[in-house]
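Here the structure comes first, spelled out in structure tokens, and everything after it is commentary.
These values consider heavy atoms only, across backbone and side chains, with no hydrogens, waters or symmetry-generated copies. Bear in mind that the values here come from a model prediction, so they are computed numbers and not experimental data. Ligands are counted one by one from 1 in listed order, and the atoms in each one are counted from 1 as well.
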Amino acid sequence: MMETSTQIHATVEQLGRSGDGMVRHEGRAWYIPGTLPGEQLHLRFHDGEAELLERESTSPHRVEAPCSLSDLCGGCALQHMDQTALLEWKKDQVKRALNRSGFTDLPEPALYQTPPHSRQRLDVALQRVPGGIILGLHQRGGDPVDMTECPLIRPELLKLLPPLRECLSSLGALTGRGNLAINLLDSGPDLTLETPAPLSGSDREKLAAFARDHGIPRITWRPAPGRVMETAAQTGPVFHHFGGVRVSPPPASFLQASQEGEQAIREAVLAGLPPLNRKDRIIELYAGCGTLTFPLAQHGFVQAYEGDRAAIASLRAATHGSRAEGSERDLNRQPLLPPELNQARVVVLDPPYAGSGKQLASLLRSKVQDVVYVSCNPAALEKELPALKQAGFAVLSWTVIDQFLWSTDVETVLVLSRDPKRIRKAEKKRKG
Ligand SMILES: C[S@@+](CC[C@H](N)C(=O)[O-])C[C@H]1O[C@@H](n2cnc3c(N)ncnc32)[C@H](O)[C@@H]1O
């Protein structure tokens with residue numbers, strides 16, 4: 001059978017959720033990587049696929065990618081877009097989610113963008129290849145790309161990569177594919193390594209020597225995520241500070257992507273609290289190991305809930321002398337119920353990427369008037385916002401934080417209230 005192909009000229013209408021330019025052809029949307037809104041494209045459609053033959057015009061927001069790996073590495077989808085336009089696009093995504101959910105009369109948002117070289121968390125794939133290993137992020141749907149440069153990560157992490165590559169390539173346990181998570185903590189880089197085979201005695205010696213030589217307090221090993229971990233090397237205490245409180249995060253624990261992003265989130269959350277007495281209760285849901293708990297504890301008594309056993313154990317161990325307590329709870333299976341939530345003057349929630357599901361439904365049935373919602377996914381937010389609107393909440397303020405520079409991810413802090421007095425006050429301030 002003869003294959004048919006069609007050629008067209010089309011203009012990119014908008015960016016899709018993955019950051020690819022969207023054009024319409026024969027009633028359907030097609031997504032073309034590396035293109036920007038307003039750009040004119042010459043395309044060929046062949047076998048159900050769109051091929052970019054030529055970009056015939058250039059968006060004023062197009063810039064040269066700061067990284068020579070940008071076409072290959074799947075870590076960044078939008079390095080070819082200037083940072084101001086990128087932040088504006090992220091803001092528009094959140095605004096659309098709010099508007100579609102019925103929140104139309106909105107205050108101006110606060111915007112924040114983290115600078116390059118600020119990422120403090122890195123999760124890289126490892127792959128044994130002839131003569132060594134590849135250490136880097138996956139191409140879109142493909143093999144990892146060796147991270148020989150990266151404009152995202154902190155310089156300390158970048159500097160660590162060449163000796164790390166050398167050390168890991170000498171490990172017998174890395175027989176095929178593996179993974180490495182690095183959290184840059186106050187105590188130094190905390191490494192969690194996954195390899196297909198168990199570590200041998202000689203592997204452990206190499207890791208211990210690497211930890212000693214490079215100021216790494218801890219290297220942990222596990223066969224796969226969720227499996228039992230063991231300490232492969234420990235040269236000193238592991239710690240990090242949240243709101244001035246010293247916490248000992250578990251291996252591969254959740255940490256905000258950058259210190260700057262964490263600060264922006266923290267400031268937006270604290271600024272969104274209603275007036276509080278020190279005795280007032282703040283219920284914090286999805287607390288991790290205490291990023292927001294300890295700063296919140298300076299404003300009220302915090303009851304923090306978290307499902308990850310190791311994370312909540314580290315939070316609880318740090319609560320001594322602070323005005324916070326932590327409880328382990330799977331908030332999907334056992335959401336906090338309205339009578340429990342009603343004890344709170346304000347609820348702060350920072351759910352995972354998928355959103356807060358049943359927990360939000362229970363929150364909306366409670367009498368809680370004030371909520372600060374931290375979201376890392378506008379799509380999940382869009383699913384949950386209509387119920388908040390229906391339950392009588394208004395958006396008092398919203399902050400869009402681009403802490404995942406050059407990716408499509410967006411962090412948002414929404415300050416919501418259904419307290420008529422607080423809503424009126426916010427409106428008065430906004431309009432007058
Ligand atoms: C986006 S992180 C926020 C953590 C913390 N607020 C911070 O800023 O570091 C989401 C947290 O939700 C926790 N989590 C995910 N699913 C959960 C569940 N079903 N019940 C309770 N916690 C859960 C994760 O372990 C993670 O710590």
Step by step, work out the side-chain contact (heavy atoms from CB on, under 4.5 Å) result for M81 and V63.
CA-CA 6 Å; M81 189 178 197; V63 291; 5.7 Å; no
Are K389 and F103 in a cation-pi setup, meaning NZ or CZ lies under 6.0 angstrom from the ring centre and within 45 degrees of the ring axis?
yes
Between [Y] and [X], is there a side-chain heavy-atom distance shorter than 4.5 Å?
X    : Y    : value
V410 : D402 : no
K367 : P338 : no
S253 : C289 : yes
Y305 : E328 : no
E325 : R316 : no

Do we see a donor-acceptor contact under 3.5 Å between the side chains of D370 and S417?
yes
Cut-off 3.5 Å, side chains only: do Q403 and Y112 have a donor facing an acceptor?
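Note: Q403 and Y112 side chains miss the donor-acceptor criterion.
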Tell me the protein heavy atom at minimum distance from [atom], and give that distance in Å.
atom                    : answer
atom 20 (N) of ligand 1 : L331 N, 2.8 Å
atom 10 (C) of ligand 1 : D350 O, 3.3 Å
atom 22 (N) of ligand 1 : G307 N, 3.0 Å
atom 23 (C) of ligand 1 : Y286 CD2, 3.5 Å
atom 27 (O) of ligand 1 : E306 OE1, 2.9 Å
atom 8 (O) of ligand 1  : Q256 NE2, 2.8 Å

Does the residue [X] have a heavy-atom contact with ligand 1, meaning some pair of atoms that are separated by less than 4.0 Å?
X    : value
R329 : yes
C376 : no
P352 : yes

Which of the listed options, T291, D308, N377, L255, holds the heavy atom that is closest to atom 9 (O) of ligand 1?
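Looking at heavy atoms only, the winner is T291.
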Please work out, at 4.0 Å between heavy atoms, whether the side chain, the backbone, both, or neither of C289 comes within that distance of ligand 1.
neither
Just heavy atoms, cut-off under 4.0 Å: does A311 contact ligand 1 by side chain, backbone, both, or neither?
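Neither; nothing of A311 gets under 4.0 Å from ligand 1.
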Contact atoms of ligand 1, heavy-atom distance to [X] under 4.0 Å:
X    : answer
A287 : 5 (C), 6 (N)
N332 : 19 (N)
D330 : 18 (C), 19 (N), 20 (N)

Which one of D203, L207, T220 satisfies the side-chain contact (heavy atoms from CB on, under 4.5 Å) criterion with L193?
L207
